[in-house]
Amino acid sequence: MVVGYDGMNLVPLDVTLNEPVLFFYNRGRLVRTIQLDQLYESKSQLLRTVSHLAWVHNIGFNSSNKFIVELVSGKKVAFAPKSGAREPVRPTGT
């Protein structure tokens, strides 16, 4: 199971890159936490909204059962849902 940031795709303007945004659980146990600094090099890469910063455009599972995160830059990052391990994004499995 994957649980996302409480604010969904938005984080506060004063967020730091060590903010956890994704939580991967397997059999009820937390197995991995993904922080913003594992997705972005700089806070300036986040998209400013009226009152917050957007960190993600779309998230969900693809046909290969990988958890796909589409960053605000358009880059896609894939994770194994059971372990939270980062995996390559395949062109046909985006």
Side-chain angles (χ1 to χ4, degrees):
M1 175 190 338
V2 183
V3 178
Y5 180 76
D6 189 35
M8 305 279 281
N9 68 321
L10 301 175
V11 292
L13 294 174
D14 62 351
V15 73
T16 63
L17 289 181
N18 65 352
E19 183 69 38
V21 290
L22 294 172
F23 306 87
F24 290 84
Y25 289 85
N26 190 355
R27 299 179 185 210
R29 195 176 116 254
L30 180 65
V31 293
R32 181 138 189 208
T33 301
I34 303 297
Q35 298 178 176
L36 283 173
D37 65 356
Q38 294 169 282
L39 303 171
Y40 293 96
E41 293 178 17
S42 168
K43 194 168 132 176
S44 66
Q45 294 173 296
L46 303 176
L47 182 64
R48 173 74 192 252
T49 69
V50 173
S51 59
H52 289 79
L53 296 171
W55 69 275
V56 67
H57 276 309
N58 294 304
I59 58 173
F61 291 91
N62 68 6
S63 60
S64 301
N65 199 34
K66 289 185 183 180
F67 187 72
I68 305 296
V69 176
E70 183 181 353
L71 303 179
V72 294
S73 65
K75 176 182 175 183
K76 293 181 181 180
V77 182
F79 296 94
K82 289 184 178 181
S83 67
R86 216 157 157 171
E87 296 191 347
V89 177
R90 308 240 188 272
T92 58
T94 59

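The structure presented is a predicted model; accordingly, all values stated were derived computationally and were not measured.
For the pair Leu22/Thr33, no side-chain contact is recorded, criterion being any heavy-atom separation below 4.5 Å from C-beta on. No side-chain heavy atom of Phe79 sits under 4.5 Å from any side-chain heavy atom of Ile59. Leu10 places none of its side-chain heavy atoms less than 4.5 Å from the side chain of Leu53. Taking the side chain as every heavy atom from C-beta outward, Val77 and Ile68 never approach each other to under 4.5 Å.
Between atom OG of residue Ser51 and atom CG of residue Leu13 there is a gap of 7.0 Å, rounded to the nearest 0.5 Å. Interatomic distance, CG of Leu39 versus CD1 of Ile34, reported as 6.5 Å (0.5 Å rounding). Here the straight-line distance linking atom NZ of Lys43 with atom CG of Asp37 works out to 13.5 Å at 0.5 Å rounding. Atom NE2 of residue His57 and atom NZ of residue Lys76 lie 11.5 Å apart, to the nearest 0.5 angstrom. One distance of note links CG of Leu30 with CZ of Phe24; it measures 10.5 Å at 0.5 Å rounding. Taken to the nearest 0.5 Å, the CZ atom of Arg86 stands 8.0 Å off from the CD atom of Gln38.
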Run the side-chain contact (heavy atoms from CB on, under 4.5 Å) check on Val72 and Val56 step by step: do they pass?
CA-CA 5 Å; Val72 294; Val56 67; 5.7 Å; no
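Taking each heavy atom of Lys66 and Pro88 in turn, the nearest pair found is NZ-O, 2.9 Å. Smallest separation of non-hydrogen atoms from Ala85 and Arg32: CA-NH1, 3.4 Å. Minimum interatomic distance between Leu17 and Glu41 (heavy atoms only, all atoms of both residues): CD1-O, 3.7 Å.
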